[in-house]
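In what follows, chains carry the letters A, B, and so on, assigned in the order in which the sequence lines appear, proteins first and then strands, with residues in each chain numbered from 1.
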Protein chains: 2
Amino acid sequence: MQSRTPVPRVAGRPRSTAADTAILAATREALVELGWSKLTLGDVATRAGVAKTTLYRRWAGKNELVVDAVAELFDELHLPDRGTLAADIEGVVLQFAAILARPEAKSGLMAVVAESVRDDALRDRIRESIVDRQKCLVVEGRARAQARGELPPETDPEEAARTADLIFDVVAGAVVHRTLVSAEPADEDWVRSFTQVLLLGLTSLSAAQSPPA
Amino acid sequence: MQSRTPVPRVAGRPRSTAADTAILAATREALVELGWSKLTLGDVATRAGVAKTTLYRRWAGKNELVVDAVAELFDELHLPDRGTLAADIEGVVLQFAAILARPEAKSGLMAVVAESVRDDALRDRIRESIVDRQKCLVVEGRARAQARGELPPETDPEEAARTADLIFDVVAGAVVHRTLVSAEPADEDWVRSFTQVLLLGLTSLSAAQSPPA
DNA sequence: GTGGTTTCGCTACGAGTCGTAGCGTAATGG
DNA sequence: CCATTACGCTACGACTCGTAGCGAAACCAC
């Protein structure tokens with residue numbers, strides 16, 4: 001937790017930040033045109049206008065590179081404040097769906113998730129740079145709804161964490177499955193229906209767990 | 001739609017069915033040991049005790065082979081009749097979770113789904129041999145619940161189809177996301193919580209759509 | 001300036017995989 | 001017996017991988 005880049009830490013030629021952005025952009029471009037399996041690091045290097053060795057100095061391989069390239073797509077994900085929990089959920093789910101609709105996200109995200117099954121370090125990298133940021137939105141949205149009085153406050157913090165995990169898996173999983181497996185758009189109508197089911201389930205669950213005295 | 005294998009359609013040596021089963025089993029074994037990316041067709045051929053050319057005569061490539069190998073895992077998926085909709089859902093979701101917990105399913109399934117983003121024929125193959133069979137369980141389970149009176153009968157068949165698709169994406173997506181992305185087991189506790197939320201959402205939705213006169 | 005350090009672009013390399021072709025042999029049906 | 005198809009085996013060119021070596025460039029401390 002020290003100031004970021006107080007001085008380029010050590011002597012020597014600094015790494016070109018322009019090369020970083022060019023490489024990540026070239027990676028997304030190659031994902032769109034070629035898809036995951038036909039994407040080669042040599043091709044990405046050519047597109048980015050850098051040498052292949054430069055690429056290998058910064059990333060261990062295809063997996064890590066694509067994770068970073070895809071993670072940038074999720075930077076635009078923010079929790080809107082539309083006044084009601086239902087509207088907030090619809091808004092953030094639509095944002096998530098819009099990102100997943102992009103071909104570079106479709107091609108890259110599931111591929112690295114599949115790879116992460118046998119690579120713990122990769123899984124941690126995905127979790128840190130992509131998943132955890134999404135999960136924060138769930139927690140934040142619930143806190144906001146509780147402040148509004150739409151949801152009862154949590155009693156057991158452990159139970160609260162489990163519920164947040166459950167919601168996150170349901171939301172992210174449903175959108176991903178709709179987009180990639182069913183291969184149909186998660187448009188406004190779908191998101192509205194989905195939000196309705198989820199919200200009714202959650203409120204009914206809260207009512208069942210803490211019945212009115 | 002003609003009888004299957006009335007007689008080996010044409011003259012010549014028939015294909016060895018033993019080779020088929022050996023190859024698919026070897027593919028799953030290689031998926032467990034090596035994962036998707038390091039699985040090579042030459043290695044699978046060696047494990048199965050067949051020549052590499054035999055493999056290429058039957059499958060166009062790695063994608064198609066793995067789809068068939070993984071599809072067999074879902075043969076054991078059946079809808080139990082436990083008396084209530086909640087119990088039925090819990091049962092089938094637990095079965096689905098058990099299959100997804102196997103390393104060959106984790107390694108293979110998401111990888112071919114990722115590939116199917118850029119390969120329409122592969123997507124159709126996945127849908128036909130894996131996805132559609134699962135979706136049938138949703139429709140069947142709902143029909144059974146309606147027969148029991150747990151769910152109101154459908155009025156609009158188009159709306160019914162949309163709802164079935166939604167349920168399917170929610171169920172399959174949530175289990176997949178829990179298993180692969182969150183990397184935590186979809187055990188009985190989790191399935192029970194998930195089923196509760198889903199079921200409360202669905203029944204509340206039905207009540208809202210067709211309010212009691 | 002000068003020296004030390006790190007990055008960069010470039011070329012080249014062995015290793016491994018891919019998908020196919022060719023050949024002789026085995027198993028079926030007419 | 002003969003035509004036809006599948007099989008095992010070997011070999012092959014094409015491609016990608018990840019690394020090593022080189023000289024030049026960019027930065028810092030002195």
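The aromatic rings of A:Phe96 and A:Phe74 sit tilted relative to each other, their planes meeting at an angle between 30° and 60°.
Rounded to an integer number of Å, the gap from CG of A:Leu39 to P of D:dC17 is 8 Å. Regarding A:Asn63, its CG atom lies at a distance of 14 Å from the C1' atom of D:dG18, rounded to whole Å. A:Ile23 has its CD1 atom 8 Å from the P atom of C:dC8, to the nearest Å. Atoms CG (B:Leu55) and C1' (D:dG8) sit 13 Å apart, rounded to a whole Å.
Place A:Gly42 and B:Gly49 on DNA chain D by their nearest nucleotides, and B:Gly49 ends up nearer the 5' end.
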Apply side-chain contact (heavy atoms from CB on, under 4.5 Å) to residues A:Glu188 and A:Val191 and explain how you reach the verdict. CA-CA 5 Å; A:Glu188 284 198 28; A:Val191 171; 5.8 Å; no

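The shortest distance between side-chain heavy atoms of B:Pro185 and B:Thr179 does not fall below 4.5 Å. Residues A:Arg125 and A:Glu64 have side chains in contact (heavy-atom distance under 4.5 Å, counting atoms from C-beta outward).
The shortest heavy-atom contact between B:His177 and A:Ala172 is NE2-CB, 3.3 Å. Nearest heavy atom pair, residue A:Lys62 against residue A:Trp36, reads NZ-O, 2.8 Å.
Rounded to the nearest 0.5 Å, atoms CH2 (B:Trp190) and CZ (B:Arg178) are 6.5 Å apart.
Taking every side-chain heavy atom of A:Pro14 into account, D:dA26 is the closest of D:dA26, D:dA6, C:dA27.
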Polar-atom pairs under 3.5 Å, protein N or O versus N or O of nucleotides 19-25 of chain C: list them with distances, or write none.
{"from": "C:dG19", "atom 1": "OP2", "to": "B:Tyr56", "atom 2": "OH", "distance (Å)": "2.7"}
{"from": "C:dG19", "atom 1": "N7", "to": "B:Lys52", "atom 2": "NZ", "distance (Å)": "3.2"}
{"from": "C:dG19", "atom 1": "O6", "to": "B:Lys52", "atom 2": "NZ", "distance (Å)": "3.1"}

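More than 12 heavy atoms of other residues, nucleotides or ligands sit less than 6.0 Å from atom CD of A:Glu159.
The stretch residues 24-35 of chain A does not touch DNA chain C, since none of its heavy atoms comes less than 4.0 Å from the strand.
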